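Worksheet: one structure, shown below.
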Protein chains: 2
Amino acid sequence: MTTSPIAHDSLVDALVNRLRDDVLARRYPAGSRLPPERDLAASYGVTRTSLKHALVRLAQAGLVETRHGVGTVVLDYRRHGGPDLLPMLLTHALGDGADDRWLTEVFEVRQEVGAVVAARAAAHRSADQADALRAQMAAVTSARDADAAQLAEAEVHRMLAAAAGNRVYELLVNSLLKAYLEVRSLFRAPFADPAVAGARLAPLVDAVCAGAPDAARTAAEAYLARTRELMLGR
Amino acid sequence: MTTSPIAHDSLVDALVNRLRDDVLARRYPAGSRLPPERDLAASYGVTRTSLKHALVRLAQAGLVETRHGVGTVVLDYRRHGGPDLLPMLLTHALGDGADDRWLTEVFEVRQEVGAVVAARAAAHRSADQADALRAQMAAVTSARDADAAQLAEAEVHRMLAAAAGNRVYELLVNSLLKAYLEVRSLFRAPFADPAVAGARLAPLVDAVCAGAPDAARTAAEAYLARTRELMLGR
DNA sequence: TTGGATCAGTGGCTCATCCACTTCGGATGA
DNA sequence: TCATCCGAAGTGGATGAGCCACTGATCCAA
C-alpha cells in the first residue's frame with residue numbers, strides 16, 4: 001500500500017484556500033480592492049503576518065497584486081494567471097463552482113500537447129532514454145495496485161517530456177500532471193488495473209522507442225482520449 | 001508615452017532573486033537541505049519573517065519544499081516546477097548562468113503551441129472575436145512606437161488564445177508572454193517598427209478571421225519563426 | 001524486539017511597533 | 001484664479017522577540 005501522506009493544511013494553506021475561493025467566486029471582483037490587510041486579518045481571526053503570507057502566494061499565482069501604499073487589487077486571472085493556477089482552479093471548480101468545463105479543457109490541452117510531445121520524443125529520444133522508457137513501462141504493468149500504476153504512469157509521461165528534448169515541455173507537463181492529481185484526490189476516480197493501463201500505454205511507448213513521430217502522435221492521441229473518457233466517465 | 005513602471009525591487013524581491021540564483025546555481029543542490037531559517041536570515045542580514053516570505057514564494061514556484069519540524073529542502077525544478085518558473089529561469093540563464101538554450105526552448109514551444117492555438121482559433125472564433133481581432137490588428141500597425149506595438153501585439157496573442165475556446169491555452173500563453181517580457185527587459189532587444197510588425201502578423205490574423213485552420217497554423221508557424229529570428233538574432 | 005518518553009532542532013504563528021509609500025485635500029503664494 | 005506645495009491619513013513593508021507545534025534521534029524500560 002502506498003501510505004497516504006495526510007493532508008494537514010496549515011493555517012496559511014487554509015487562508016489561501018479561503019481567499020482563493022472568495023476571489024474566484026467574485027466575492028471580490030477583478031479590479032476591485034481587497035480590504036486593508038489589518039481588517040482582513042482581523043475578519044479571518046489571524047495575524048497580519050499570516051494573512052500576508054497567504055496574499056504573497058495569491059500574488060505569486062497571479063490572482064492579486066499588492067502595491068505599497070495603495071492596497072491589494074484583484075487581477076483577472078485569465079489575463080495574469082499561469083498554468084500553475086490550474087490546481088487551484090480545479091479545486092474551486094469541482095467544489096462549489098461546479099464548472100466542469102475546466103476539467104474538459106485541461107484534458108483537451110493535455111491531449112493536444114501530449115501529441116506534440118510524443119512526436120518530438122520519437123524524433124529526439126536517445127537510445128538510453130528508449131531503454132529507460134521501456135523499463136518504466138514494465139514498472140507500470142507490474143505495479144501492485146492502481147495507485148502504484150498511476151504513479152508509474154505519470155513517470156512515463158515525465159520521461160516522454162524529457163525525451164522531447166525541451167525542458168519547457170517538462171515544466172508544462174508538470175503543471176498538467178499536478179492538475180490531474182488534484183482532480184484525482186478530489187474525485188477518488190476509479191482507475192483501471194495496472195495490466196489494462198499498461199496495455200493502453202504500450203503502443204505509445206513502442207512508437208516513441210521506435211522513433212516513429214507520426215505513429216507516436218497518433219498513439220498519444222488515442223491513449224489520451226481514452227484516459228479522458230475513463231476519468232471523465234464519458 | 002507609456003509610463004515606465006519603475007523596477008523598485010522590494011527586500012523580499014531581492015531575497016527571492018538571491019535565493020533563486022543560489023538554488024539554480026546549485027549552491028544548494030537539489031535534494032539538499034537549506035540552512036535553518038534563523039541562520040539563513042542572519043546570513044542575509046534580514047528578519048526571519050522576511051526570509052520566510054521569500055521561501056514561501058520559492059516553494060510556490062516549486063523550487064523548494066518546506067516541512068514543519070524538518071526544514072526546507074531543495075527540489076528538482078525539472079520535476080516539480082511549472083511554466084511559471086520560466087521568468088525566473090530566464091533571468092538566471094541570461095545572467096551569470098549563460099544557458100541560452102532556455103531561450104531557444106521557450107521559442108520552440110511558443111512556436112508549436114502557437115500553431116495549435118491558431119488552428120483552434122480559426123476553427124472556434126466567433127464573429128465578434130474576429131471583429132475584435134481585426135480591430136486590435138489595426139492598433140498594432142498604427143502604434144506610435146515599438147513599445148506600443150509590442151504591447152498591442154501581445155494583446156493579439158491573448159485574443160487568439162481566447163478565441164481558441166480553451167482557457168488553459170490562455171493561461172499557457174500568459175506564462176510564455178511573461179517570459180518574453182522578461183527577456184525583453186533584460187535584453188532591451190530591438191523591435192521592428194509597428195508597420196513591419198503588423199505586416200508580419202497580418203496573414204495570421206486574416207487566416208484566423210477567415211476560419212481557415214490549416215492556413216492559420218501555417219501562418220502562425222511562419223510568424224513565430226520570424227519573431228524568433230528577430231529576437232534571437234539568428 | 002518493541003513501545004514509550006524525552007530532548008534538541010526546526011518551522012509555524014503571534015504580537016507590538018515602527019518605517020515607507022501613495023493619495024488627496026487644503027493652505028499657500030504668484 | 002490657478003498652480004504648487006505640504007502634510008495628514010491610510011495602506012503595505014519590515015522588524016525582532018517570543019512562544020508553540022512538529023519531527024527525528026536516542027535511550028530506556030517492558
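Since the structure is predicted, the reported quantities are computational estimates derived from the model, not experimental observations. Residue numbers begin at 1 in each chain, while the letters A, B, ... track the order of the sequences. Computed from heavy atoms alone, side chains included, the values below leave out hydrogens, waters and symmetry copies.
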- Query: With a 3.5 Å cut-off and just heavy-atom distances, do the side chain of B/Arg48 and the base of D/dG16 make a donor-acceptor pair?
  - Reply: no
- Between A/Tyr169 and A/His157, does a ring pair (Phe, Tyr, Trp, His ring centres under 6.0 Å) hold up when you go through it step by step? CA-CA 11 Å; A/Tyr169 278 118; A/His157 292 309; over 10 Å; no
- Distance, rounded to the nearest Å, where B/Glu65 contributes CD and D/dT23 contributes P: 13 Å
- Query: Using 4.0 Å as the upper bound for N to carboxylate O, is an ion pair formed by B/Arg120 and A/Glu108?
  - Reply: yes
- Note on the structure: Taken to the nearest whole Å, NE2/A/His53 to P/C/dT14 is 11 Å
- Query: Once you round it to whole Å, what is the distance between C1' of D/dC19 and CZ of B/Arg38?
  - Reply: 10 Å
- Rounded to the nearest angstrom, tell me the gap between atom CG in B/Leu51 and atom C1' in D/dG13. 16 Å
- Donor-acceptor pair, A/Ser43 side chain versus A/Leu40 backbone, under 3.5 Å? yes
- Closer to the 5' end of DNA chain C via nearest nucleotide, is it A/Val12 or A/Gly69? A/Val12
- Can you figure out which of C/dG12, D/dG13, C/dT14 approaches the side chain of B/Ser10 most closely? D/dG13
- Just say parallel, tilted or perpendicular for the rings of A/Tyr180 and A/Phe107, cut-offs at 30° and 60°. tilted
- B/Leu11 side-chain proximity, nearest of D/dA14, C/dC13, D/dT11: D/dA14
- For A/Thr66, which contact category applies under a 4.0 Å heavy-atom criterion: base, sugar-phosphate, or nothing? sugar-phosphate
- Query: What's the CG-C1' distance between B/Asp9 and D/dA14, to the nearest Å?
  - Reply: 16 Å
- Message: Distance check needed: D/dT11 C1' versus A/Asp39 CG, whole Å only.
- Response: 10 Å
- Message: Base of D/dG12, side chain of A/Arg67 - is there a donor-acceptor contact under 3.5 Å?
- Response: no
- Hey, which of these two, A/Pro36 or B/Val70, hits DNA chain D nearer its 5' end, going by closest nucleotide? A/Pro36
- Flag the pair A/Arg57 and A/Asp13 as a salt bridge only when some basic side-chain nitrogen lies within less than 4.0 angstrom of an acidic carboxylate oxygen. yes
- Note on the structure: Rounded to whole Å, the NE2-P distance (A/His68 to C/dC19) equals 13 Å
- Task: Quickly work out the B/Leu40 CG to C/dT10 P distance and round it to whole Å.
- Result: 12 Å
- Item | From D/dG12, C/dT10, D/dA14, nucleotide with atom closest to B/Arg33 side chain | C/dT10
- Less than 3.5 Å between a donor and an acceptor, one on the side chain of A/Thr49 and one on the base of C/dC15, is that the case here? yes
